[in-house]
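Here, residue 1 is the first one in the sequence, and each next residue gets the next number.
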Amino acid sequence: MNKLGQYIQENLRYPKAAQAAGLAGRVFIRFLINKQGGIEKVQVLKGISPELDAEAVRLVASMPNWLPGKVDGQAVDCLYNLPINFSVR
């Protein structure tokens, strides 16, 4: 989880228009981690604005591969929900 937080912190690009408009909050993203660890089917569960939603999708879709989930020693597809925080500083 530490590496995930670090990845988000280093790669999140807060859209300038959204920042100037004072848009902030959490975008909830759902994605599938396939049997090979790849990221698929990224979707917004709860969004804030089109700009912030698109950035959250871009961020998750560009993540490096994960270690796949396993059941009884076999790799399986797993759904994961992730909140992406946008805050004006």
Side-chain angles (χ1 to χ4, degrees):
M1 295 316 285
N2 288 338
K3 286 188 178 187
L4 175 59
Q6 182 180 357
Y7 172 83
I8 291 170
Q9 186 177 15
E10 291 174 358
N11 294 283
L12 182 68
R13 297 183 202 140
Y14 204 135
K16 292 191 187 311
Q19 208 170 12
L23 294 175
R26 281 190 180 142
V27 176
F28 290 88
I29 299 290
R30 172 180 282 169
F31 58 98
L32 178 88
I33 303 165
N34 65 28
K35 294 176 187 175
Q36 294 76 36
I39 306 296
E40 298 178 358
K41 301 181 182 177
V42 180
Q43 66 185 56
V44 176
L45 292 178
K46 181 180 176 215
I48 300 172
S49 72
E51 309 97 276
L52 295 181
D53 298 352
E55 172 55 17
V57 168
R58 183 207 63 80
L59 178 71
V60 170
S62 65
M63 283 194 290
N65 284 358
W66 288 47
L67 294 175
K70 291 191 177 187
V71 174
D72 295 328
Q74 299 291 329
V76 295
D77 293 343
C78 295
L79 283 175
Y80 195 87
N81 294 337
L82 181 66
I84 305 292
N85 295 316
F86 291 91
S87 61
V88 179
R89 298 173 209 212

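Relative ring orientation between F31 and Y80 is described as tilted, the plane-to-plane angle lying within the 30° to 60° band.
For residues 41-62, no residue pair satisfies the ring-ring contact (aromatic ring centres under 6.0 Å, His included) rule, not counting sequence neighbours.
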Validation: residues 52-71 side-chain donor-acceptor distances under 3.5 Å, sequence neighbours left out:
from : atom 1 : to  : atom 2 : distance (Å)
D53  : OD1    : I48 : N      : 2.8
E55  : OE1    : R58 : NE     : 2.8
E55  : OE2    : R13 : N      : 2.8
E55  : OE2    : R58 : NE     : 3.4
E55  : OE2    : R58 : NH2    : 2.7
R58  : NH2    : N11 : O      : 2.8
S62  : OG     : Y7  : OH     : 2.9
S62  : OG     : R58 : O      : 3.0
S62  : OG     : L59 : O      : 3.1

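Under the 4.5 Å side-chain heavy-atom criterion for grouping Ile, Leu, Val, Met, Phe, Trp and Tyr, L4 is connected to V27 within one hydrophobic cluster. Put simply, F28 and Y14 are part of two different groups of oily side chains (I, L, V, M, F, W, Y) that touch within less than 4.5 Å, one to the next.
In terms of heavy atoms, P15 sits closest to E51 at CG-O, 3.8 Å. When all heavy atoms of S49 and L23 are compared, the closest pair comes out as OG-CD1, 3.6 Å. In this structure, A24 and S87 approach most closely via the heavy-atom pair CB-CA, 4.1 Å.
By the side-chain contact (heavy atoms from CB on, under 4.5 Å) test, D77 is found to be paired with L32, N34, K35, residues two or more places apart in sequence or in another chain being considered. By the side-chain contact (heavy atoms from CB on, under 4.5 Å) test, N81 pairs with R30, L45, sequence neighbours left out. Looking at residues two or more places apart in sequence or on another chain, you find a side chain to side chain donor-acceptor pair (under 3.5 Å) between E10 and Q6.
Atoms CD1 and CD1, from I29 and I84 in turn, are 6.5 Å apart once rounded to the nearest 0.5 Å.
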